[in-house]
Amino acid sequence: MAALTEVGRGRYAVIGTGSRAQSYVRALCGEHRDVAVLVALLDTNPGRLDYHEELIRGLDTGVDLPARYTDAGDVERMIEERDVRRVVVTTPDHTHADIIARALRAGADVITEKPLTTDADGTRRIVEALNETGRDLVVTFNYRYSPRNSALRELIASGAVGRVTSVSFEWVLDTQHGADYFRRWHRDKPNSGGLLVHKASHHFDLVNWWIDDVPRRVYASGALRFYGARNAAARGLTDRPARGTVDAADHDPFLLDLRRHEDLRRLYLDNEHHDGYLRDLDVFGEGITIEDNLALTVDYEGGPTLSYALNAHSPWEGYRVAVNGTEGRAELEVVERAAVAGRSAAVDPSMVKDGPADGVRESGERLVLQRHWEPARAIPIPEAEGGHGGGDAVLFRALFRGAQEDPLRRAAGVLDGIRAVSVGIAGNASLAGGRAVDIAALDLGHLDDRRGEGA
Ligand SMILES: NC(=O)c1ccc[n+]([C@@H]2O[C@H](COP(=O)([O-])OP(=O)(O)OC[C@H]3O[C@@H](n4cnc5c(N)ncnc54)[C@H](O)[C@@H]3O)[C@@H](O)[C@H]2O)c1
């Protein structure tokens, strides 16, 4: 991955200046401005470009404001006019394939937010552009970089559990964070691929990386059983407002009143008139086509089986993973938020990492190793710093300053991005067809061997 290790003072552009872009813009114009220069921003919503310009001014680091582009067709023009070397893609998932392929063909390397894309066609188009251009693409799996996930990888790689035979992995999203996927573009499957692609691609990447194996075959089952108009009506919840930005919304913790959250108001509510993007749709409204309860069985090339479950309306948030091996078992338990506060809990970013502790469930993390015939022992997890379980800070350092020699192999290549979405794409095919799906049958394209990724 030469482009990553020889970055120099790269010329960057960010496409899609919504919520996620803020972390990249802060990193590029703040901590990493000595090695990176943000030369352009592109978003189809001019109001969100204004928001990011203000963010940059507010950093007070003296960097020049980037050039701004507002037409989705401006990808090539922007790259040429501003001599952009690396494009960061933080647009909605269904737009990734087109933007990535165009940016590569226009001569830039690309850093894309997960998921790589939402379907088999998008994957093929990206692979074709990569083969044609030989350029570099990085999928930013920040979860790999959080110390607890790195610690589990290290433990498995050390051979402590022996050869991995199976993995059991449950992820629960709470009624604050989980509910938020049912309020905006993610709620419509063609936009996000559903939670199996949008959210679980993080989780499948973690498993692929933890056990260093390749997913082969997927059986999925699941449905929308909590959110959505039909489920709400069955529970007697009727006459709901179409959106959360209404008076007295604070009586209902599922309604998100954008006026109560300064950043969300400025980013979305104030800019609705440009494009009609509504950020606060009722989670019990019509038009939701994604699932909120999902279960998968995934067979791996090397033999192990993954049992995976995702729930998006849990009262607490976190995950439990158990890795069984020929020598014993490792268990990682993470409680990211022990409980969601009742009134007006909806999406207050300041609440993301804590919730009320009650002595029964506390926020925290625990990694345990138990080898056969031995008592269990706790494995220390290093302190985390910053967003996403400490993943973002380390990820940005690796992205913008060049990856150091990393025995944990945390920098994710194209192949990792493809393998992560391949499980969700196969899962969606399985949900549609009611039977197990071989990933090889999806025809996701073949990366040219000359790229050195071995696909
Ligand atoms: N790794 C993580 O932890 C993490 C967290 C949040 C989001 N994400 C990912 O980041 C991406 C963006 O998510 P978000 O929550 O910021 O979404 P968002 O809706 O807040 O922002 C998306 C932005 O893209 C713009 N846009 C839409 N189509 C465009 C186009 N064709 N060209 C240019 N701009 C366009 C929109 O106007 C909007 O400003 C998604 O792929 C999501 O999966 C990753």
Side-chain angles (χ1 to χ4, degrees), residues 13-25 27 40-52 55 68-78 87-103 110-118 122 138-146 149 173 177 180-181 183-188 191-203 205-206 258 263-264 266-281 336 347 349 352 386-393 395-396 399 412 417 420-421 424:
V14 172
I15 304 185
T17 54
S19 169
R20 181 62 179 148
Q22 297 173 84
S23 307
Y24 287 87
V25 169
L41 295 174
L42 165 58
D43 197 295
T44 42
N45 188 307
R48 281 192 280 280
L49 287 173
D50 296 342
Y51 176 97
H52 275 79
L55 187 158
R68 46 189 283 156
Y69 295 81
T70 51
D71 191 319
D74 276 345
V75 175
E76 293 81 359
R77 186 164 77 87
M78 174 184 76
V87 168
V88 176
V89 180
T90 44
T91 52
D93 310 345
H94 69 287
T95 65
H96 289 186
D98 185 52
I99 293 174
I100 292 169
R102 288 171 54 196
V110 175
I111 296 169
T112 184
E113 257 307 334
K114 50 54 54 178
L116 176 66
T117 179
T118 51
V138 180
V139 186
T140 53
F141 285 118
N142 46 356
Y143 285 25
R144 286 186 180 197
Y145 291 84
S146 85
N149 296 330
L173 297 165
H177 182 196
D180 211 36
Y181 296 110
R183 294 197 176 97
R184 50 177 178 151
W185 52 263
H186 316 77
R187 66 185 349 228
D188 194 13
N191 288 340
S192 63
L195 294 180
L196 272 189
V197 172
H198 176 79
K199 188 69 197 169
S201 63
H202 267 310
H203 312 157
D205 175 66
L206 282 176
L258 297 170
D263 283 353
L264 295 180
R266 289 179 46 229
L267 203 46
Y268 302 104
L269 186 65
D270 293 353
N271 296 312
E272 278 177 19
H273 62 284
H274 291 295
D275 57 9
Y277 175 172
L278 300 183
R279 173 69 181 80
D280 60 344
L281 291 171
E336 294 196 329
V347 196
V352 167
H388 290 104
D392 275 353
L395 166 75
F396 290 143
L399 270 184
V421 286

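All ligand and atom numbering here is 1-based and tracks the order in the structure.
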Handout entry: Rounded distance [0.5 Å steps], OH in Tyr277 versus CG in Leu267
Key = 8.0 Å

Handout entry: Rounded distance [0.5 Å steps], CG in Leu49 versus OH in Tyr69
Key = 11.5 Å

Handout entry: N or O pair under 3.5 Å between His186 and ligand 1
Key = no

Practice task
Using a strict cut-off of less than 4.0 Å between a Lys/Arg side-chain nitrogen and an Asp/Glu carboxylate oxygen, indicate whether Asp50 and Arg266 qualify as a salt bridge.
Solution key: no

Handout entry: Nitrogen or oxygen atoms of Asn45 and ligand 1 under 3.5 Å apart
Key = no

Problem - Distance filter under 4.0 Å to His96 heavy atoms, resulting ligand 1 atoms - result: 41 (O)

Handout entry: Partner of Lys114 under side chain to side chain contact (heavy atoms under 4.5 Å, CB included), chosen from Val139, Val197, Val421
Key = Val139

Practice task
Find all atoms of ligand 1 within a distance of less than 4.0 Å from any non-hydrogen atom belonging to Gly18, and give their numbers and elements.
Solution key: 16 (O), 20 (O), 21 (O), 23 (C), 39 (O)

Problem - Proximity winner for atom 26 (N) of ligand 1, if only heavy atoms of Asp71, Asp93, Thr44 are counted - result: Thr44

Problem - Where ligand 1 meets Tyr268 - atom numbers and elements under 4.0 angstrom, heavy-atom basis - result: 18 (P), 20 (O)

Practice task
Would you mind running through ligand 1 and noting each atom that sits below 4.0 Å from a heavy atom of Ile15?
Solution key: 33 (C)

Problem - Ionic contact status for Arg48 with Asp270, cut-off 4.0 Å - result: no

Completion exercise
Minimal heavy-atom distance between Thr118 and Gly193, with the atoms involved, is CG2-N, 3.8 Å

Practice task
Looking only at distances, please establish whether an N/O atom of ligand 1 is found under 3.5 Å from an N/O atom of Ser19.
Solution key: yes

Practice task
Give the numbers and elements of all ligand 1 atoms closer than 4.0 Å to a heavy atom of Tyr277.
Solution key: 18 (P), 19 (O), 20 (O)

Exercise for the section: Have a look at ligand 1 and work out which part of Lys114, if any, has a heavy atom under 4.0 Å from it: side chain, backbone, both or neither. Expected result: both

Practice task
Number the atoms of ligand 1 from 1 as they appear, then name those within less than 4.0 Å of a heavy atom of His198, with their elements.
Solution key: 42 (C), 43 (O)

Fill in the blank from the handout: Near Arg184 (heavy-atom distance under 4.0 Å), the atoms of ligand 1 are 15 (O), 17 (O), 18 (P), 19 (O), 20 (O)

Problem - Side-chain ion pair, Asp392 and Arg20, N-O less than 4.0 Å - result: yes

Handout entry: Closest approach of Arg184 to Leu278 (non-hydrogen atoms, all atoms of both residues)
Key = CB-O, 3.8 Å

Handout entry: Part of Glu113 with heavy atoms under 4.0 Å of ligand 1, whether side chain, backbone, both or neither
Key = side chain

Practice task
Start with the C-alpha distance between Ser192 and Tyr181, add both sets of side-chain angles, then the distance that settles side chain to side chain donor-acceptor pair (under 3.5 Å), and finish with yes or no.
Solution key: CA-CA 10 Å; Ser192 63; Tyr181 296 110; over 6 Å; no

Problem - Those atoms of ligand 1 less than 4.0 Å from some heavy atom in Pro115 - result: 43 (O)

Exercise for the section: Using distance alone, decide if ligand 1 has a nitrogen or oxygen within less than 3.5 Å of any nitrogen or oxygen in Arg48. Expected result: yes

Handout entry: Gap separating the CE atom of Met78 from the CZ atom of Arg102, nearest 0.5 angstrom
Key = 9.5 Å

